[in-house]
Amino acid sequence: MSTRQELADHLRVFVDLGISGCSRDQAWRQREENPAAVAHASAGDDWTDDMAGDAAETPVAEMGTDRAVALAALREEIGDCTRCALHALGRHQVVFGVGNPDADLMFVGEAPGETEDREGEPFVGEAGQLLTKIIEAIGLSRADVYIANIVKCRPPNNRNPEPPEVETCSPFLLRQIDVVRPKVVVALGKFAAHTLLGTDAPISRLRGRLHEYRHGIRIMPTYHPAYLLPHRSPEKKREVWEDMKIVRALLADSH
Ligand code: URA
């Protein structure tokens, strides 16, 4: 049996067991907007810490699709990676990516932090909780979107990733994007924006408009949620909200 077939069978068992996050139900694909979340989001142009409103009933990601299989194969290829220095600098695990393999919308951050390194999932710490609110503010849930990072291992003391680390790891992110083929990628912060767009222009100049990527995918650079936290620049939430409204409109137009 081929690896691909084995992976597909493996994923199907998970689905059959009803393991959280797996469903064969196609209904979630219809992406019906959650009226509560949307109403709150449009009223929430004065976007505050509490912008998400009532949580949408979380649609579950379907597993067992070709894209899920391709992502699982890519994860397997990365393995317990030793390709760059980070593997020996205190990280606990590779943090691959999470969410809907068929997502129209993908978020790309910089690198896992302490919480992500511990839990094995991107954006689950303080900045991640803000990202979840940002997602919910446009009427979606984490299960609707796909979330990954440029660098998949935690840099020590949350330092910036070094160029060789970005160079070594980012091809895996590009392959994740090619598999998921979202309509829009939101590049969170300068590392994501610079890596995906091949520029070193300031994020303040890149954000606010859609950039062309490959396969017709558009990129919206915006500020990193960590930059929006109360001790940094929470006033920048308004600009992120402006960016997210552009993303929401593009997704609505493309249906
Ligand atoms: N910051 C990131 O860029 N990515 C994460 O996963 C968490 C924090």
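Hydrogens, waters and symmetry mates play no part in the numbers below; they use all other heavy atoms, side chains included. Keep in mind the model is a prediction, meaning the values are calculated, not measured. Numbers for residues simply follow the sequence, beginning at 1. Note that ligands are numbered from 1 as they come in the structure, with each ligand's atoms numbered from 1 the same way.
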Worksheet item: Do you see a donor-acceptor pair shorter than 3.5 Å between the side chains of Gln93 and Lys152?
Response: no
Worksheet, complete the sentence: In short, Pro171 meets Thr168 closest at the heavy-atom pair CD-O, 3.4 Å
Response to the item:
Applying salt bridge (Lys or Arg N to Asp or Glu O under 4.0 Å) to Arg75 and not counting sequence neighbours gives none
Response to the item:
For ligand 1, protein residues within the heavy-atom limit of under 4.0 Å are Gly109, Glu110, Ala111, Pro112, Glu116, Pro122, Phe123, Asn149, His224
Response to the item:
Lys190 meets the salt bridge (Lys or Arg N to Asp or Glu O under 4.0 Å) criterion, sequence neighbours left out, with none
Discussion item. Could you check whether His92 and Asp117, counting side-chain N and O atoms only, form a donor-acceptor pair closer than 3.5 Å?
Written reply: yes
Using a 3.5 Å cut-off and no angle test, enumerate the donor-acceptor pairs between side-chain atoms of residues 159-167 and protein atoms at least two apart in sequence or in another chain.
unit_1: Arg159; atom_1: NH1; unit_2: Glu165; atom_2: OE1; d: 2.9
unit_1: Arg159; atom_1: NH2; unit_2: Glu165; atom_2: OE2; d: 2.8
unit_1: Glu165; atom_1: OE1; unit_2: Glu162; atom_2: N; d: 2.8

